[in-house]
Number of protein chains: 2
Amino acid sequence: MKRDSRLSSVLHALLHMAERDAPMTSEQLSRCLGTNPVVVRRTMGFLRRAGIVASDRGQAGGWRIAADLSAITLRDLHVALEEPGFFAIGHRNDTPDCLVEQSVNAALDQTLAEAEALLLRRMGEITLADLAKDFATRFAARRQQVEDWKNGA
Amino acid sequence: MKRDSRLSSVLHALLHMAERDAPMTSEQLSRCLGTNPVVVRRTMGFLRRAGIVASDRGQAGGWRIAADLSAITLRDLHVALEEPGFFAIGHRNDTPDCLVEQSVNAALDQTLAEAEALLLRRMGEITLADLAKDFATRFAARRQQVEDWKNGA
DNA sequence: TTTCATGTAACTTCATATGTTACGATTCGC
DNA sequence: GCGAATCGTAACATATGAAGTTACATGAAA
C-alpha cells in the first residue's frame, strides 16, 4: 500500500522552521523536503486551517509557526492533516449481513481500535519541542564527530 | 487509502470452511466473499504455503483447513499473507542524511513500532476457535430473534 | 476421456498519494 | 501605481498497488 507521508513531511518542515527566525517560503521548504512548492502549500494548508502555522503572501512572506513548540503534539498534526486512518489493513464491508463477517469485523475492529488508542495516546505525548531537542542532541553529536575527525587528521 | 482486506477475507473464508465437513471450492468461497474465484485462489495460496490450509484439485476437490482451529491465530494469518506492514502512514526516506529528518523518523518509527508490537501480541492471542465461538453466539442470538418474531406473529 | 477443480501468468480496473502546470490574489519595495 | 515575490487553489498528470478478470495449463476423479 502507498503510505501517506504527510505527517513525516510536516514534521520535517516544522523543525526546519523552528531552527530559523524568519519565515520560510514554500520553495525553500520544498527543497528541504525534496518535493514541490505546491505540495508544500497544499499540505501546510491543513496546518494553517488548524491554527498551527500561519502564512503571509508577498515579498518577505512565507510560513511561520503560530503556536508554542511545546504545545504542538504529533497527535495535533495527525488530526490537522485529516489522515483517514492509521492502518493499511481493514475489512471490505462495513455493515455485512453475513454473521460470519460480523464476527470477523468485530475481532479486527477491536484489535485495531486498541492499537489506534495507543497510537493517539503516544502521539499526544510527543511535542515538537521534544523533537527539536532530539535534533539538537544529534546535531551536537555530529559536530563533535566532525571536530574529532579534524583533530585526528 | 486503499486498504489491504486479505486478512479479513481469509478469516471470513476460514470460518465458513470451519462450519462444514466437506472442502469448499474457490467458486463457493468467492460467492461467500463477494469476489472472484481467482482472487480466492491467489489469496488462499499464501495460507497453503504456510500449511494452514490444503487444496485438492479435480472433482470433489477444494480447500480444507489443515490445522486445529485453536492453533491458528490472527497473527499466523497476518504473517502467512506476507502483509507488508500495518500502517497507512510512514516516512518517505528510510536513510536520510538530514539530521532533522532522522529525528522525525526516529520518533515516528518508535511510536509505530510500539503499536505494531501491541497488534502482533493481541493478534497472537486470538484464534480461529475464538472467532468460531463468537460466531456461534451471534448465530444463536439471531435464531432466538427469529423464533421470537415467529411467536409474536 | 470428460469434467471439475486448482495454479498461475498476464492484463485490466480502480483508488489515491504525490507531482506538475497554470493562473489568480495579495503584499512589499520602489 | 508598478513589478516582483509569494501564497491559494483548481485542474491535470503520474505512479503505485490492491483487487478483478481472462486465459490456459495441470491434475484428479467418475
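Every chain is numbered from 1, with letters handed out A, B, ... down the list of sequences.
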Name all residues meeting the side chain to side chain contact (heavy atoms under 4.5 Å, CB included) criterion together with A50(A); count only those two or more places apart in sequence or in a different chain, and write none if there are none. I52(A), A80(A)
Under the side chain to side chain contact (heavy atoms under 4.5 Å, CB included) test, which residues partner T25(B), sequence neighbours left out? E27(B), Q28(B)
How about L11(A) and L108(B): do any of their side-chain heavy atoms sit closer than 4.5 Å? yes
So do the side chains of H16(A) and R20(A) get within less than 4.5 Å of each other, counting heavy atoms only? no
So what does R6(A) touch, heavy atoms closer than 4.0 Å: a base, only the sugar-phosphate, or nothing? sugar-phosphate
Using a heavy-atom cut-off of under 4.0 Å over every strand shown, decide if G45(B) touches base, sugar-phosphate, or nothing. nothing
Hey, what else clusters with L118(B) if you join Ile, Leu, Val, Met, Phe, Trp, Tyr whenever side-chain heavy atoms sit under 4.5 Å? L118(A)
Run the side-chain donor-acceptor check on residues 58-68 of chain B: report pairs under 3.5 Å with partners two or more places apart or on a different chain.
unit_1, atom_1, unit_2, atom_2, d
W63(B), NE1, S26(B), OG, 2.9
R64(B), NE, D56(B), OD2, 2.7
R64(B), NH2, D56(B), OD1, 3.4
R64(B), NH2, D56(B), OD2, 3.0
D68(B), OD1, S70(B), N, 2.9
D68(B), OD1, S70(B), OG, 2.6

Could you state the atom-to-atom distance from [atom1] of [X] to [atom2] of [N] in whole Å?
| X | N | atom1 | atom2 | answer |
| --- | --- | --- | --- | --- |
| R42(A) | dT21(C) | CZ | P | 13 Å |
| K2(B) | dA15(C) | NZ | C1' | 5 Å |
| Q28(A) | dT6(D) | CD | P | 8 Å |

May I have all residue pairs that pass side-chain hydrogen bond (donor to acceptor under 3.5 Å, both in side chains) and include part of residues 77-90 of chain A, sequence neighbours excluded? H78(A)-E83(A)
Any N or O donor-acceptor pair under 3.5 Å from the base of dT16(C) to the side chain of R3(A)? no
Can you build the contact string for nucleotides 24-30 of chain D? Use B for base contact, S for sugar-phosphate-only contact, and - for no protein heavy atom under 4.0 Å. --BBBBS
Selection: residues 8-15 of chain B, any non-hydrogen atom under 4.0 Å of DNA chain D: none
Under a 4.0 Å heavy-atom cut-off, which of residues 31-40 of chain B touch DNA chain D? T35(B), N36(B), V38(B), V39(B)
Could you tell me which residues satisfy side-chain hydrogen bond (donor to acceptor under 3.5 Å, both in side chains) with T43(A), sequence neighbours excluded, listed by chain and number? none
Could you pull out all residues at least two apart from T35(B) that satisfy side-chain hydrogen bond (donor to acceptor under 3.5 Å, both in side chains)? none
For residues 17-26 of chain B, which residues have at least one heavy atom under 4.0 Å from DNA chain C? T25(B), S26(B)
Enumerate the residues from residues 96-109 of chain A whose closest heavy atom to DNA chain C is under 4.0 Å, giving them by residue number; use none for an empty result. none
